[in-house]
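All heavy atoms count here, side chains included; hydrogens, waters and symmetry mates do not. Per chain, numbering begins at 1; letters A, B, ... match sequence-line order.
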There are 2 protein chains.
Amino acid sequence: MTARERGELRKSTIADVAERAGVSIKTVSRVINREPKVRQETRDRVERAITDLRYRPNSPGRMLASRRSYNLGLIYNANSSYINSIQNGALDACRSEHYDLLIHPCDYRSPDIAEEIAELVTGSKVDGLLLVPPVSDLPAVRHLLDTGNMPYVTISGMTTASGEWSVGTNDREVSASMVSYLAALGHRRIAFVRGHPDHKAMSRRYQGFLEGMQANSVDVIDGFVVQGENIFQSGIDCGRRLLQQSPRPTAVFCANDHMAAGVMAIAHESGVSLPKELSVAGFDDIPLAGQIWPALTTIRQPLREMASLAATLLIQRLRGNETDNVARVVDAELVTRASTAAPASPD
Amino acid sequence: MTARERGELRKSTIADVAERAGVSIKTVSRVINREPKVRQETRDRVERAITDLRYRPNSPGRMLASRRSYNLGLIYNANSSYINSIQNGALDACRSEHYDLLIHPCDYRSPDIAEEIAELVTGSKVDGLLLVPPVSDLPAVRHLLDTGNMPYVTISGMTTASGEWSVGTNDREVSASMVSYLAALGHRRIAFVRGHPDHKAMSRRYQGFLEGMQANSVDVIDGFVVQGENIFQSGIDCGRRLLQQSPRPTAVFCANDHMAAGVMAIAHESGVSLPKELSVAGFDDIPLAGQIWPALTTIRQPLREMASLAATLLIQRLRGNETDNVARVVDAELVTRASTAAPASPD
DNA sequence: GTGAAAGCGCTAACAG
DNA sequence: CTGTTAGCGCTTTCAC
């Protein structure tokens, strides 16, 4: 009678299982790890013992012996509002590959951020890293990734460094297509609210705006491009500045949804009717976009899918399945809702 | 010359540090773990060696030997929209106590959810659990917690079981005070949108609504209490039903902010002006609440603080600092914004 | 197919 | 205050 059967608290170990099944611990290990070379009859016997004893492999023991944690580390800036989707995507992949996710928010202005990240890998808490901007764009972090010999994949990062493992999206192209959409509605006075300068993706969106304007032969008007900071309040501020222009823009394209919500709030407050007098468009398609009124036309950045793909790539990398194409791009798509319409009085 | 100094990839171990500092590995261990009884001079020497060798303690080694993971597991339902605040709160506490957070979303309808959770603890991946409803309210999970001998703290859960480690909030009382606030504005036709029946906290909010109505001698009107499901769309549905009543309610109190946003959207769409013709109030104070227009009057549920407290309690529990008062309550507070006002034509 | 032996890197218990 | 010894529970290596 084992300790377990006597109702004692001691967890059963691989040795208990081996004894009960009448095999060696190595064989139990093989069964646990789904190794092929075990006779079916033996496998069954071991599995029965495992069930009977309610055996569950001890994670630290396995980690120590195998030198793998089966954990991925998700590194992000502490107050990112996008982390939810990314996390969910990463979890989607982890779940199917039997990995766990250790989340590690950090202050991207902290001086020893690279040290902190390195410790996760060097201390064997995680096998690899998933990184999100702006943390992933920091020089110190770049240097760590380039030289530190640690498996990683970035999500939505700079995508400039060659050989970098990354998953990105087509910010620029799709931003241009938003401008085309607005132009097709008849807008000629189109404003743009730029995103935070520390986020490289934001510059790409601005580039896309410029390209779209040019492609549609719409002039970029002085004072119609304003600098925001990605948050709601800066949308309010930028919106106020834009509404003071005369003539006003008929459409505002914002580099993210939070700022678009701010622009809409100030428009409401100023008695500017949406979308009749002002069309507003955002970028990201956060949940808010569908829940404000009028519902926001935006661009769905497939963050969850991107993160899932990133985690899958990372796990492949950890397994040594080297792939040639390590920089992947997932397409974003235009989502038209009620916040955009033809301008009331086309030029 | 050590391997490290030769630029090799092998990570240095406690033995390397001991050798370099001229002490035993046990002394190095003491320094790492901040144990008191080490002479300052020795400590300095060890610390220098650690720096020189870029030594970082191997987590699995320490986990295996100490039988602790220094990880907390955060268990929540996969598509919870509140998890962000909770996660951040838990991380606040973890960070200062040198714990890491392993996140574990699950499908609360899954039959083997208890097994899944048990495995985290039994497999020594985490030392203790932080649980959020509805997962924490499931009978199978309750049973596991009651009998499984695993350290845990629930957040915002049932708070009925005595002896349960929990952090809750005063949903009922504060819901009543929202009614008092609306009544003080002059509202007499107050509607309520109930939350998802699987969430116990939602029933408490409804109870609070009823109590508030009674305390203010306001009648609960037939057809003014409707059943929602916590999500935006159900707010739209419930709002539509309420607006069809005649006379209409002058105020709608919703059991959460998502539903309040839905009510506001359908009001906008129906040309009902907010807050003049209809006041809307929510519960939770999610980021959305401040970003819709008009900004939503709601109740700030201090989820982040609650989670931080829960994690702190859990860590105390893991350290054996038994506390008498294991059920804590953190007060929620009324946040008045622009979505509520005196009714246009008081009865 | 299966097993025996040797660690993985650390801490616990105790000895000094 | 410091060191020695003996594992923690598993995988790895290699032998059979």
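- At the heavy-atom level, T42(B) lies under 4.0 Å from the strands shown only through sugar-phosphate atoms.
- Counting any heavy atom pair closer than 4.0 Å across all strands shown, I32(B) reaches no nucleic acid atom.
- Reading DNA chain D from its 5' end, the first and the last nucleotide to sit under 4.0 Å from a heavy atom of chain A are dG9(D) to dT13(D).
- Minimum interatomic distance between W165(B) and L313(B) (heavy atoms only, all atoms of both residues): CZ3-O, 4.0 Å.
- Listed for the S166(A) side chain is no donor-acceptor partner under 3.5 Å among the backbone atoms of A327(A).
- One side chain, E164(B) or T154(B), offers a donor N or O that lies under 3.5 Å from an acceptor on the other.
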Please determine whether side chain to side chain contact (heavy atoms under 4.5 Å, CB included) holds for the pair N88(B) and N79(A), giving the CA-CA distance in whole Å, both sets of side-chain angles, and the decisive distance to 0.1 Å. CA-CA 9 Å; N88(B) 283 330; N79(A) 38 35; over 6 Å; no
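- Map R30(A) and T13(A) each onto its nearest nucleotide of DNA chain D; the residue landing nearer the 5' end is T13(A).
- Few gaps surround CZ on R319(A); more than 12 heavy atoms of other groups in view lie less than 6.0 Å from it.
- Not one N or O on the side chain of D137(B) forms a donor-acceptor pair closer than 3.5 Å with the backbone of P134(B).
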Please report the C-alpha distance between R20(B) and D16(B) in whole Å, then the side-chain angles of each, then the deciding distance to 0.1 Å, and finally whether the salt bridge (Lys or Arg N to Asp or Glu O under 4.0 Å) criterion is met. CA-CA 6 Å; R20(B) 187 177 179 104; D16(B) 300 328; over 6 Å; no
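- Between L64(B) and S29(A), it is L64(B) whose nearest contact on DNA chain D lies nearer the 5' terminus.
- For DNA chain C, the outermost nucleotides in 5' to 3' order that have an atom under 4.0 Å from a heavy atom of chain A are dG1(C) to dG9(C).
- Applying the side-chain contact (heavy atoms from CB on, under 4.5 Å) test between I75(A) and each of I113(A), V126(A), I117(A), V132(A) identifies I117(A) as the sole match.
- Heavy-atom neighbours of R68(B) CZ from other residues, nucleotides or ligands within 6.0 Å: at or below the threshold of 12.
- In DNA chain C, consecutive stretches of 3 or more Watson-Crick or G-U wobble pairs with both distances under 3.5 Å are given as paired ranges: C:1-16 with D:1-16.
- In this structure, the side chain of D127(B) engages the main chain of Y70(B) through a donor-acceptor pair within 3.5 Å.
- Across all strands shown, P60(A) has no heavy atoms under 4.0 Å from either base or sugar-phosphate atoms.
- Listed for the R95(A) side chain is a donor-acceptor partner under 3.5 Å among the backbone atoms of P105(B).
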